[in-house]
Amino acid sequence: MITLVKVTVHYGHPLTEITGKAREDVTVKKGSTVLSLLKNLATKYGDAFKDQVFLNYGRDQVKEGTIISLNAKYISNETENIKVEDNDFIGIFRAVGGG
């Protein structure tokens, strides 16, 4: 029997425009990594999402300037190693700059 967990994903701009929402609940298999969650979202939302989040179309490396957080902890460089748990909160943001 497959066990599922539910996580909440919060999107920052411009991902809010791509997804059409600021946050959503996503159900994934227990044991899924943050990277596999991101890949599923990329499949769901297409090339515009991929271009914002991933360095390459192999979708195995998060693009520099993409901020991924898990329960308010920065994890952008560890997405392939960290497994999501039920009720986790994932943030996906693009770094912004200005003066």
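The analysis underlying the following values was restricted to heavy atoms, covering all of them including side chains, and did not include hydrogens, waters or symmetry mates.
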Check: Does some side-chain heavy atom of Y11 sit less than 4.5 Å from a side-chain heavy atom of L41?
Finding: yes
Checklist line | Side chains of L4 and K29 in contact at under 4.5 Å (non-hydrogen atoms) | finding: yes
Item checked: T33 versus E80, closest heavy-atom pair with distance -> CG2-O, 3.5 Å
Note to self: Using side-chain heavy atoms (C-beta onward) and a distance below 4.5 Å, is L37 in contact with V7?
What the structure shows: yes
Check: When hydrophobic residues are tied together by side-chain contacts of less than 4.5 Å, even through go-betweens, does I67 share a cluster with L70?
Finding: no
Checklist line | N-O pairing of K44 and E24 below 4.0 Å | finding: yes
Checklist line | side chain to side chain contact (heavy atoms under 4.5 Å, CB included) between F54 and L35, intermediate numbers included | finding: CA-CA 10 Å; F54 291 104; L35 181 60; 3.8 Å; yes
Item checked: Nearest-0.5 Å distance that lies between atom CD1 in I92 and atom CD in Q52 -> 11.5 Å
Next item on the list: Compare every heavy atom of T66 with every heavy atom of R94, then report the nearest pair and how far apart it is.
Entry: NH1-OG1, 2.7 Å
Notebook entry, point to check: So, for A42 and K50, which heavy atoms are closest and what is the spacing to 0.1 Å?
Noted result: CB-CG, 3.7 Å
Next item on the list: Check whether any side-chain heavy atom of K83 sits under 4.5 Å from a side-chain heavy atom of S32, and report yes or no.
Entry: no
Check: Is there side-chain contact between H10 and F89, with heavy atoms separated by less than 4.5 Å?
Finding: yes
Check: Where is the tightest heavy-atom contact between D51 and K63, given as atom of each residue plus distance?
Finding: O-NZ, 2.7 Å
Next item on the list: State, to 0.1 Å, how close L38 and F49 come at their nearest heavy-atom pair, and which atoms those are.
Entry: O-CE2, 3.9 Å
Next item on the list: Please confirm whether F93 and H13 have ring centers closer than 6.0 angstrom.
Entry: no
Next item on the list: Indicate the atoms forming the closest heavy-atom contact of V34 with I68, along with that distance.
Entry: CG1-CG2, 4.0 Å
Margin query: Taking I75's backbone N and O only, do any of them form a donor-acceptor pair with T79's side chain (distance below 3.5 Å, no angle check)?
Written below: no
Notebook entry, point to check: Taking everything shown except K6 itself, do over 12 heavy atoms lie less than 6.0 Å from its NZ?
Noted result: no
Checklist line | 4.5 Å side-chain heavy-atom contact, I90 and T8 | finding: no
